[in-house]
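Just below is one structure, and these are the notes that go with it.
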Amino acid sequence: MGEVDVAANRAAPRYSRGENARRVAWALAGPLFRFSPRPCFAWRRLLLRLFGARVGRAAHVYPTTVVAMPWNLTLGEEASLGEHVFVYDLGPVSVGARATVALRAHLCAGSHDLRRADLPLLKPPIVIGAQAFVAADAFVGPGVTVGEGAVVGARAVVVRDVAPWTVVAGNPARVIGTRSLS
Amino acid sequence: MGEVDVAANRAAPRYSRGENARRVAWALAGPLFRFSPRPCFAWRRLLLRLFGARVGRAAHVYPTTVVAMPWNLTLGEEASLGEHVFVYDLGPVSVGARATVALRAHLCAGSHDLRRADLPLLKPPIVIGAQAFVAADAFVGPGVTVGEGAVVGARAVVVRDVAPWTVVAGNPARVIGTRSLS
Amino acid sequence: MGEVDVAANRAAPRYSRGENARRVAWALAGPLFRFSPRPCFAWRRLLLRLFGARVGRAAHVYPTTVVAMPWNLTLGEEASLGEHVFVYDLGPVSVGARATVALRAHLCAGSHDLRRADLPLLKPPIVIGAQAFVAADAFVGPGVTVGEGAVVGARAVVVRDVAPWTVVAGNPARVIGTRSLS
């Protein structure tokens with residue numbers, strides 16, 4: 001079966017020198033974000049932009065939202081990342097205009113190639129389409145695109161793409177309906 | 001398909017003025033709860049009651065338990081809300097006598113109508129019956145009643161009512177047995 | 001149906017006097033662990049060993065990893081417990097050499113016998129085999145053995161044993177493949 005080579009995994013460079021410097025700076029700046037008063041959305045947008053995020057007008061991010069690497073984040077106009085949302089954006093994460101990622105959801109844009117002995121770190125992108133709604137506690141895995149207007153149900157676990165204007169739920173998530181707006 | 005109207009959603013009043021005042025007061029009082037020593041159950045019952053909760057004799061709530069809005073919470077005698085339990089009680093949440101909500105479970109009494117363009121906030125109730133047991137990491141969704149004595153398994157995701165003295169598990173949760181006490 | 005007897009449950013001794021003393025000491029020592037700088041893996045190994053854990057060479061545990069009771073933990077060489085992993089080791093938890101427990105996974109070695117009126121606390125062991133990989137947000141339940149080299153997928157919920165070198169996913173988890181290393 002071969003043997004997992006943790007030493008090789010740990011010795012492999014994961015981030016560029018510049019990225020490591022940004023990670024340290026972002027960790028140091030963390031309290032400015034986490035302890036900001038809840039209504040100060042503009043202040044948090046400013047902080048995210050200072051660290052390289054592309055953040056549209058009136059996007060809402062909360063003090064309890066965790067963004068691992070702002071420089072990999074793109075937020076459309078009026079998008080929102082809810083309270084306690086966890087954005088593990090080792091790869092690029094994009095949330096479209098007027099899309100909502102609700103309470104405690106996890107966007108996980110990181111993985112490992114488990115078939116290689118050295119378990120190399122992978123950084124696949126995540127795309128959440130415009131007007132989509134990722135409900136509370138949902139999990140969106142690496143490489144997934146959630147289509148425009150789609151709904152990912154509460155606690156759903158999405159590891160494949162979700163078609164536009166469909167509704168998925170469960171673990172693994174399955175299509176349970178379609179969405180239309182009245 | 002129509003278009004999501006985030007501006008209308010944000011402009012809609014979500015809480016009454018009185019409720020907003022209570023939310024601020026509860027946030028300010030938070031450290032008195034979170035930093036209380038673990039054995040001080042009576043103290044936390046007192047705090048919850050001061051903020052409008054109906055709390056029965058000998059109910060157990062831990063310092064790490066999160067109650068979003070105590071005024072929407074009813075706890076029966078000897079009920080318990082375990083460590084890191086998250087009670088998102090935008091609507092009324094009732095936990096019956098001698099019922100247990102275990103470690104890190106989430107009672108989510110809030111939702112949005114995703115078929116309306118302005119995504120109005122909904123606040124459906126949750127009822128956990130007497131003697132029921134909601135296991136670790138489980139999720140109980142908006143509008144759900146968990147019947148008396150029922151068991152919601154670890155990490156189960158419940159979006160429909162659970163009949164009394166049944167056992168459910170999985171995501172979505174399905175009936176996997178019945179419970180009787182010896 | 002009988003009646004749940006919470007008073008009997010609470011009156012039952014859960015931990016020995018010695019164990020309770022260790023719990024208090026570990027709580028007091030917590031900040032030395034949680035606020036240690038991320039690269040200080042050796043320091044956290046030392047702390048865990050001082051509190052009774054058996055920790056192999058080069059095992060990695062992060063400041064945000066939560067270990068409830070270090071004296072019940074065994075970590076093999078080059079094993080790792082990722083960020084925000086929650087090890088609820090009321091019973092013994094063993095993670096084999098070069099195994100990885102990823103971001104935010106939950107190893108839950110505690111349960112209750114829900115068929116007895118006094119809901120006695122159970123402390124079944126968990127064993128994670130060498131070279132296994134428990135992915136982000138997964139849940140491993142009480143009494144479970146994850147075989148050597150097996151993969152527990154992201155957010156998978158494992159309540160039965162997982163055979164060596166298999167891949168499981170979903171809630172409840174099912175076998176979806178096998179793993180081999182190249």
Side-chain angles (χ1 to χ4, degrees), chain A residues 1-11 14 20 23-24 26-28 30 66 68 84-90 104-122 124 126 137-144 152 155-160 169-174, chain C residues 37-39 41 56-60 63-64 75-80 82-84 96-100 102-105 129-139 147-158 164-174 176-182:
Chain A
M1 284 291 184
E3 295 282 322
V4 168
D5 187 348
V6 168
N9 172 271
R10 291 184 182 165
R14 297 180 171 228
N20 274 325
R23 291 171 69 206
V24 170
W26 179 236
L28 294 172
V66 175
H84 303 284
V85 163
F86 191 83
V87 181
Y88 193 61
D89 51 351
L90 306 194
R104 308 209 322 169
H106 181 181
L107 309 182
C108 186
S111 184
H112 291 270
D113 182 346
L114 301 179
R115 300 195 173 273
R116 272 186 49 181
D118 60 342
L119 312 176
L121 182 64
L122 306 176
I126 288 177
D137 282 19
F139 178 90
V140 179
V144 167
V152 176
R155 280 277 180 115
V157 174
V158 173
V159 293
R160 294 205 179 77
N171 177 8
R174 296 179 206 284
Chain C
R38 183 185 163 101
F41 295 106
R57 184 187 57 78
H60 273 192
T64 59
L75 281 183
E77 292 197 358
E78 299 185 319
S80 75
E83 296 196 73
H84 303 284
R98 289 171 285 142
T100 296
L103 186 67
R104 307 209 321 170
Q131 309 192 69
F133 194 96
V134 177
D137 282 18
F139 178 89
E148 183 183 344
V151 175
V152 177
R155 281 277 180 114
V157 175
V158 172
W165 301 100
T166 57
V167 180
V168 302
N171 177 8
R174 297 179 206 284
I176 60 165
T178 60
R179 179 192 188 196
S180 58
L181 291 170
S182 60

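Every heavy atom of this structure was used, including side-chain atoms; hydrogens, water molecules and symmetry mates were not. Numbered from 1 within each chain, the chains take letters A, B, ... in sequence-line order.
Under a 4.0 Å N-O distance rule, the pair E3(A)/R98(C) qualifies as a salt bridge.
Among residues two or more places apart in sequence or in another chain, the side chain to side chain contact (heavy atoms under 4.5 Å, CB included) test is passed with A102(C) by F133(C). Take R23(A) and apply the side chain to side chain contact (heavy atoms under 4.5 Å, CB included) test, not counting sequence neighbours, and it matches Y15(A), N20(A), M69(A), W71(A), R38(C).
Looking at A169(C), neither its backbone nor its side chain comes within 4.5 Å of chain A, counting heavy atoms on both sides. Residue contact with chain C, scored on non-hydrogen atoms closer than 4.5 Å, involves the backbone and the side chain of A7(A) alike. Of the atoms belonging to R104(C), it is side-chain heavy atoms, and not backbone ones, that fall under 4.5 Å from chain A. Interface remark: R155(A) contributes backbone and side-chain atoms alike to the contact with chain C (heavy atom separation under 4.5 Å). Both the backbone and the side chain of N171(C) have a heavy atom closer than 4.5 Å to some heavy atom of chain A.
Of the listed residues (H106(A), R10(A), H112(A)), the one with the most heavy-atom contacts under 4.5 Å to chain C is R10(A). When each of V157(A), V6(A), L119(A) is scored by its heavy-atom pairs under 4.5 Å with chain C, the top score falls to V6(A). Most heavy-atom pairs under 4.5 Å with chain A: of the set A130(C), A97(C), A58(C), G149(C), this distinction falls to A58(C).
The two residues G170(C) and P172(A) have their closest heavy-atom pair at CA-CD, 3.9 Å. Here the closest heavy-atom approach between residue L181(C) and residue V4(A) is recorded as CD1-N, 3.6 Å.
Expressed to the nearest 0.5 Å, how far CG of D118(A) lies from OG of S182(C) amounts to 8.5 Å. Annotation: the span from D137(C) atom CG to Y88(A) atom OH amounts to 11.0 Å, rounded to 0.5 Å.
Other residues, nucleotides and ligands contribute at most 12 non-hydrogen atoms within 6.0 Å of the CZ atom of R160(A).
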